[in-house]
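Note that ligands are numbered from 1 as they come in the structure, with each ligand's atoms numbered from 1 the same way. Positions are given from 1 along the sequence.
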Amino acid sequence: MKNKTWSGRFKKQINEDVLDFSQSLTIDIVLYEADISVTEAHVEMLSKCGHITQKELKKIKVGLKKLRQLADNGELPWTVELEDVHMNIESALVDLIGELGKKIHLGRSRNDLIATDIKIYLRQLLDTTIDEIRELRKTLATLAVKYHASIFPGYTHLQIAQPVTFGHHLLAWHEMISRDEKRLHNVRSMINTLPLGSAALSGSSLKLDRAMVAKKLGFDKVTKNSMDAVSDRDYVVDYAYSNTMIMMHLSRISEELILWMNPQFKLIEIDEGFCTGSSIMPQKKNPDVPELVRGKSGSVYGNLMSLLVLLKGLPMTYNRDLQEDKNIIFESIDTTISSISIINKLIKTLKLNEKNAYSLADSSFSTATDLAEYLSSKGVAFRDSHHIVGAIVKYCEKNNVSMDELSIEEFTKYSKLIEKDVYNYISVEHSVSSRKNIGSTSPKNVLKNAKLVLTSLQKKNAKK
Ligand code: ARG
């Protein structure tokens with residue numbers, strides 16, 4: 001068995017089952033790139049502060065470079081006997097450059113090292129998540145341009161309520177997703193403080209230049225309290241929470257896609273490559289992808305809860321429980337990124353069934369509010385207009401006709417103020433185009449907003 005770096009005070013070797021149970025290499029091996037970068041920055045700082053010579057620094061850096069190549073090519077002899085990624089890297093460096101390799105751990109501990117590695121790794125994944133979100137925003141805005149004037153049924157209580165433009169609905173999804181992007185940017189800025197230099201828990205007695213390491217590793221600041229720095233995992237929870245919000249939004253989008261694809265709604269078509277058949281019913285074309293995204297949101301919610309429970313009883317400072325955060329957050333991130341990506345690809349193939357959307361939007365007295373507003377524009381108090389239109393709807397229902405099928409004589413029985421121009425006023429086209437206030441559904445608004453989104457997305461990494 002390899003000699004453990006911490007085994008000096010032990011007579012016995014670690015029990016094999018304990019090793020098996022406690023090793024984290026199988027999970028934290030993905031941190032090797034971050035671990036090497038952190039070590040590079042750390043040794044440069046050690047040299048600047050006079051703890052190692054220029055010559056030693058050079059040798060260590062050559063060793064780390066070689067190590068990175070070996071690891072990238074899958075040629076590093078990883079072993080769980082060395083417990084985790086940090087000890088594997090250190091031991092491989094010693095194998096490569098000899099005893100000098102042991103100097104890299106001066107002025108640091110695995111406690112501040114793991115916190116630094118994980119922050120760097122999560123920072124990269126946050127950038128990937130942000131990129132995926134921005135792709136989805138682009139898809140939604142592009143479709144919103146295409147469908148900015150297409151009439152679509154707007155629902156409340158899952159009942160047809162008022163006509164909207166399909167572009168407006170797509171931009172409603174876009175709003176949810178762009179809030180997610182903002183949340184991710186916030187998490188990224190919260191994450192970006194450097195824990196290294198906090199050592200085990202109380203800091204280091206050696207003179208260290210923490211600001212220099214922070215700069216080299218792209219952190220905005222250094223942490224202010226060594227005890228908090230090694231025990232803080234708030235940023236992991238923040239990220240997990242952001243993922244739950246993304247998945248909640250994707251799940252709601254999925255629910256609508258499932259409904260709209262349903263032959264009873266028949267509002268959209270999705271490319272067949274994104275649908276699946278049934279093993280027994282030959283006619284079926286099932287929406288498995290959105291169903292899976294809706295289903296997977298449950299495990300991402302669970303990940304958030306697991307993290308909160310993991311942390312709730314921990315005394316200061318580092319406790320080995322903290323090793324368990326990685327599995328949970330990695331799963332949360334994997335599921336979220338793959339869900340955004342697949343939903344984006346699916347939505348790209350979406351085709352609106354314009355005819356059916358129009359006729360659904362034009363049903364269920366969807367412009368009754370417009371008729372009430374028409375009366376109010378002629379001086380009737382809205383409460384009274386509401387009452388009059390309620391009576392007209394009742395009459396139509398009884399006679400099985402829609403409002404635009406009524407003659408002007410039938411209309412005027414309810415109000416003398418109703419004139420011939422009413423027919424245009426209660427058309428679905430007029431209904432949507434008259435809603436011009438900021439945030440309303442008019443085609444003009446939708447086109448303008450969708451184009452603004454597309455322009456803002458062209459600015460690389462710009463926050464919304
Ligand atoms: N594998 C450990 C983790 O992920 C690294 C830190 C170990 N520190 C310790 N004191 N045992 O948390």
- Task: Record the part of Glu83 in heavy-atom contact with ligand 1 below 4.0 Å; permitted values are side chain, backbone, both and neither.
- Result: neither
- Task: List every atom of ligand 1 that sits less than 4.0 Å from any heavy atom of Asp84, numbering the atoms from 1 in the order shown and giving each element.
- Result: 1 (N), 5 (C)
- Item | Protein contact to atom 10 (N) of ligand 1 [nearest heavy atom, distance to 0.1 Å] | Asn111 OD1, 3.1 Å
- Query: Using 4.0 Å as the upper bound for N to carboxylate O, is an ion pair formed by Glu90 and Arg108?
  - Reply: no
- So the atoms of ligand 1 within less than 4.0 Å of a heavy atom of Ser24 turn out to be 1 (N)
- Task: Indicate whether the side chain of Ser299 and that of Glu331 have a donor and an acceptor atom separated by less than 3.5 Å.
- Result: no
- Atoms of ligand 1 close to Lys326 [distance to a heavy atom under 4.0 angstrom, numbered from 1]: 3 (C), 4 (O), 12 (O)
- Query: Got a salt bridge between Lys61 and Glu40, using NZ or NE/NH1/NH2 to carboxylate O under 4.0 Å?
  - Reply: no
- In short, Asn319 meets Thr317 closest at the heavy-atom pair ND2-O, 3.0 Å
- Item | Atom CD of Glu75: over 12 foreign heavy atoms under 6.0 Å | yes
- For ligand 1, which atoms, with element, lie under 4.0 Å from some heavy atom of Arg110? 6 (C), 7 (C), 11 (N)
- Message: Any carboxylate oxygen within less than 4.0 angstrom of a Lys/Arg side-chain nitrogen, looking at Arg188 and Asp127?
- Response: yes
- Task: Could you tell me whether Leu113 approaches ligand 1 through its side chain, its backbone, both or neither, with non-hydrogen atoms closer than 4.0 Å?
- Result: neither
- Item | Heavy-atom nearest neighbour in the protein, as seen from atom 6 (C) of ligand 1, with distance rounded to 0.1 Å | Tyr318 OH, 3.4 Å
- In terms of the angle between their ring planes, are Phe152 and Trp260 parallel, tilted or perpendicular, with boundaries placed at 30° and 60°? perpendicular
- Message: Within the 4.0 Å heavy-atom shell around Gln323, which atoms of ligand 1 are there?
- Response: 1 (N), 2 (C), 3 (C), 4 (O), 12 (O)
